[in-house]
Amino acid sequence: MRTVTTVAELRAALETARGKGRSVALVPTMGNLHSGHIALVKRARDEAGLVVASVFVNPLQFGANEDLDSYPRTLAADQEKLQSAGCDLLFAPTVEQMYPHGQQQLTRVSVPQVSEGLCGGSRPGHFTGVATVVCKLFNLVQPDVAVFGQKDFQQLAVIRRMVRDLDIPVRLIGEPTVRAANGLALSSRNGYLSAAERDLAPILYRVLTTLADQIRQGRRDHAALLAEGRASIEAAGLQVDYLELRDALSLETATAESRQLVLLVAAFIGRTRLIDNLQLDLDSLE
Ligand code: AMP
């Protein structure tokens with residue numbers, strides 16, 4: 001695997017690969033890689049001749065009080081993991097390479113509707129930062145296919161909408177969430193948790209699965225159900241940011257008629273904010 005840090009090197013490496021007729025898959029990440037990221041790289045390996053990963057902690061998507069400075073940067077370990085997973089090319093640019101003209105006057109991509117509420121409500125500007133950097137990565141790499149995790153369900157919805165609305169010629173793949181044996185969704189931010197907090201964290205997935213079971217069994221009093229879920233999470237000592245049931249296709253609030261559903265949660269354990277979600281297809285029950 002080759003690592004490049006500049007746009008010029010990236011373009012040159014891609015030109016060579018394309019000259020040999022290889023299709024290109026892109027896996028964008030912020031690094032500090034775990035098995036969830038590696039599953040995306042392996043999927044990319046199955047999909048294309050050249051697998052490109054990016055590691056870039058994107059300042060545009062962090063709010064003023066968020067963890068941009070403390071976000072773990074572990075490039076050497078990431079390189080080893082990517083190499084073992086079959087990645088061909090790693091793009092690990094500096095902030096100056098990505099935003100050579102600064103961030104203040106930068107053209108941005110904002111995706112209405114699906115960016116609103118949920119994480120977009122708690123993290124103003126976050127999804128504009130995500131859409132902008134992903135749009136730039138798509139323009140730089142021009143991948144045939146790009147692989148993202150369903151773990152960041154709203155993020156994937158935002159990127160799907162951007163690709164649709166801006167006619168970006170890329171095929172998107174959403175990979176299922178990789179979890180620890182206790183159900184906790186793998187996340188770079190799990191590293192912030194103390195041992196005691198780590199024991200509490202699986203409550204999120206437990207509550208999602210309990211709520212999903214009840215919906216499958218026919219419960220449709222969504223507000224009461226979500227209030228019960230919220231109470232269970234808070235009883236475990238976490239602070240719920242949101243717990244919602246949405247239509248999985250539109251991301252609008254689910255109605256009694258919605259058949260493709262997604263439960264989404266964000267909660268603080270101490271100072272660490274974790275997210276998770278669970279999809280439910282009521283049509284597949286019949
Ligand atoms: P991040 O480095 O957190 O920005 O994530 C980079 C990509 O990895 C995104 O597409 C995430 O959705 C995906 N990802 C993060 N955690 C997981 C996980 N546990 N399982 C699958 N994909 C994940």
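Because the structure is predicted, anything quoted here is derived from the model rather than measured. Atoms within each ligand, like the ligands themselves, are counted from 1 in listed order.
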| Is the closest side-chain donor-acceptor distance between Glu197 and Thr272 under 3.5 Å? | no
| field | Taking every non-hydrogen atom, the tightest pair across Ser122 and Tyr242 | value | OG-CD2, 4.2 Å
| message | Could you work out, with side-chain hydrogen bond (donor to acceptor under 3.5 Å, both in side chains) as the rule, every residue matching Asp213, not counting sequence neighbours? | response | Arg216
| field | Inter-residue atom distance Leu193.CG - Leu184.CG, 0.5 Å rounding | value | 7.5 Å
| message | Under the salt bridge (Lys or Arg N to Asp or Glu O under 4.0 Å) definition, can you give me all pairs with a residue in residues 262-276, not counting sequence neighbours? | response | Arg179-Asp276, Asp241-Arg273
| query | Which pairs count as ring pair (Phe, Tyr, Trp, His ring centres under 6.0 Å) when at least one residue sits in residues 201-222, sequence neighbours excluded? | reply | none
Protein N/O near ligand 1 N/O, under 3.5 Å, which pairs?
from     : atom 1 : to     : atom 2 : distance (Å)
ligand 1 : 2 (O)  : Met30  : N      : 2.9
ligand 1 : 2 (O)  : His37  : NE2    : 2.9
ligand 1 : 5 (O)  : His37  : NE2    : 3.4
ligand 1 : 10 (O) : Gly149 : N      : 2.8
ligand 1 : 12 (O) : Gly149 : N      : 3.2
ligand 1 : 12 (O) : Gly149 : O      : 3.2
ligand 1 : 12 (O) : Asp152 : OD2    : 2.6
ligand 1 : 16 (N) : Leu186 : O      : 3.4
ligand 1 : 19 (N) : Val178 : O      : 2.9
ligand 1 : 19 (N) : Leu186 : O      : 2.9
ligand 1 : 20 (N) : Val178 : N      : 2.8

